[in-house]
Amino acid sequence: MKIGVLAMQGAFVEHEQMLQSLGCDTVQVRKVEHLADLDGLIIPGGESTTIGKLLVDFGLAESVQKRAQQGMPVWGTCAGLILMAKEIAGSEQYRLGLMDITAVRNAFGRQVDSFEVPLAIDEVSSEPYPAVFIRAPFIEKAGPSVKILAEHNGKVVMARQGSFLASAFHPELTQDGRVHAYFMDVVRESRQKV
Ligand code: GLN
C-alpha cells in the first residue's frame, strides 16, 4: 500500500513516519506526477490558507479533486480537515470541498492553543485515543451522508463520508498508530470495491 502525504507545509514528515511504522509506503506529494499510483492521500495539519494557496499555485488542487472523485481515499487532519470541507464558516479561502461539512477554524479559543484529551472513537478502537489539538477546527454542520466518529465537549472533531475522513486533532504527533491504521483500513476497503 502506498499513501501520499501532501508536503506543501505543515506536519507531513510525522505522518510519513507513522505510516512507515505500520508497514505502509509513503510519498511526499508536491507535484501532479506524485499522485499517479497512490492508494490514498493525507492532507496534514499546518495553516489551511497557506496549504490551500500552495495547492492552487503548484497546480495540484484540481488533480487531487479529480483523483478523490474517482475514489481515492483522502484524510485531512486539522488544517487538512478545513481543506476537506465544502464550507468554512466566515471564510472564502480555497478548499478542496470533498466533504459535506462546515468547518469552524480556531474553534477551541485562543487561551487554550493546544491540549490533549482521551477521545472516544468507537469506530477506531474500544479504548480512548490520546488526541492532540493545536488551534484546532471543529465540524459545525454535516450533511446526511456524513458519519460522525468523535465529539469533544459537544463539538464534532472527527467524521467520515465514504472514503473521506476528517479529524480536527493530530494523530501523527502521538506514538499511537490506531487512527492511521484505521485510514489504512479505509484504503483497503476502497481497493476491494474497485
Ligand atoms: N488553525 C489552523 C488553520 O486554521 C489549523 C491548525 C493546525 O493544523 N494545527 O489553518
Side-chain angles (χ1 to χ4, degrees), residues 3-19 26 28-30 40-58 60-61 64-65 68 73-119 121 124 129-142 149-161 164-180 182-183:
I3 294 181
V5 185
L6 188 72
M8 313 256 100
Q9 190 255 348
F12 53 88
V13 173
E14 292 84 349
H15 271 297
E16 283 196 284
Q17 287 166 348
M18 184 65 94
L19 290 167
T26 63
Q28 294 188 0
V29 175
R30 292 195 181 82
L41 178 69
I42 294 178
I43 319 279
E47 216 286 319
S48 58
T49 51
T50 306
I51 298 175
K53 186 176 182 312
L54 292 171
L55 266 171
V56 175
D57 291 353
F58 281 59
L60 261 170
V64 169
Q65 280 169 329
V74 185
W75 171 25
T77 58
C78 203
L81 174 152
I82 297 163
L83 284 155
M84 291 297 278
K86 273 208 170 64
E87 302 288 336
I88 304 168
S91 174
E92 294 301 316
Q93 70 189 83
Y94 179 80
R95 77 287 316 253
L96 292 163
L98 299 175
M99 290 177 71
D100 189 11
I101 56 176
T102 301
V104 180
R105 295 181 63 189
N106 303 316
F108 291 93
R110 293 200 181 275
Q111 297 88 336
V112 196
D113 264 357
S114 67
F115 56 93
E116 183 179 320
V117 290
L119 188 68
I121 321 172
V124 169
Y129 184 86
V132 176
F133 291 82
I134 305 170
R135 290 182 289 283
F138 78 99
I139 297 169
E140 187 181 43
K141 269 188 249 160
L149 300 187
E151 291 182 31
H152 173 61
N153 283 353
K155 289 176 170 155
V156 175
V157 292
M158 185 169 177
R160 174 174 176 176
Q161 183 175 10
F164 302 143
L165 206 59
S167 61
F169 50 97
H170 286 264
E172 77 286 6
L173 299 183
T174 65
Q175 300 302 315
D176 189 323
R178 283 178 289 165
V179 183
H180 286 79
Y182 177 74
F183 182 59

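Whatever order the structure lists them in is the order used to number ligands and atoms, beginning at 1. Just so we're clear, the structure is a prediction, and the values are computed from it rather than from any experiment.
Counting heavy atoms under 4.0 Å from ligand 1, residue Asn106 touches it through the side chain alone. For Ile82, every heavy-atom contact with ligand 1 shorter than 4.0 Å involves the side chain, none the backbone. Contacts between Arg105 and ligand 1 below 4.0 angstrom, taking non-hydrogen atoms only, involve the side chain exclusively.
Around atom CD of Glu87, no more than 12 heavy atoms belonging to other residues, nucleotides or ligands sit under 6.0 Å away. Shown here is Lys86, whose NZ atom has more than 12 heavy atoms of other residues, nucleotides or ligands within 6.0 Å. Atom NZ of Lys155 is surrounded by more than 12 heavy atoms from other residues, nucleotides or ligands within 6.0 Å.
Scanning the protein for heavy atoms near atom 5 (C) of ligand 1, the closest one is Gly46 O, 3.4 Å. For atom 10 (O) of ligand 1, the closest non-hydrogen atom on the protein side is Ser48 N, 2.6 Å. Of all protein heavy atoms, the one closest to atom 7 (C) of ligand 1 is Cys78 SG, 2.7 Å.
Classification of the Phe115-Phe133 ring pair by plane angle, with boundaries at 30° and 60°, yields parallel.
Taking only nitrogen or oxygen atoms, main chain and side chain alike, Thr49 does not reach within less than 3.5 Å of ligand 1. Residue Gly45 has no N or O atom closer than 3.5 Å to an N or O atom of ligand 1.
Rounded to the nearest 0.5 Å, atoms CZ (Phe183) and CD1 (Ile3) are 5.0 Å apart.
Below 4.0 Å from some heavy atom of Arg135 lie the following atoms of ligand 1, by number and element: 1 (N), 2 (C), 5 (C), 6 (C). For ligand 1 and Glu47, the ligand atoms under 4.0 Å from any heavy atom of the residue are 10 (O).
Under the 4.5 Å side-chain criterion, counting only non-hydrogen atoms from C-beta, Pro130 is in contact with Arg178.
Counted by atom type alone, Thr26 and Gln28 present zero donor-acceptor pairs between their side chains at under 3.5 Å.
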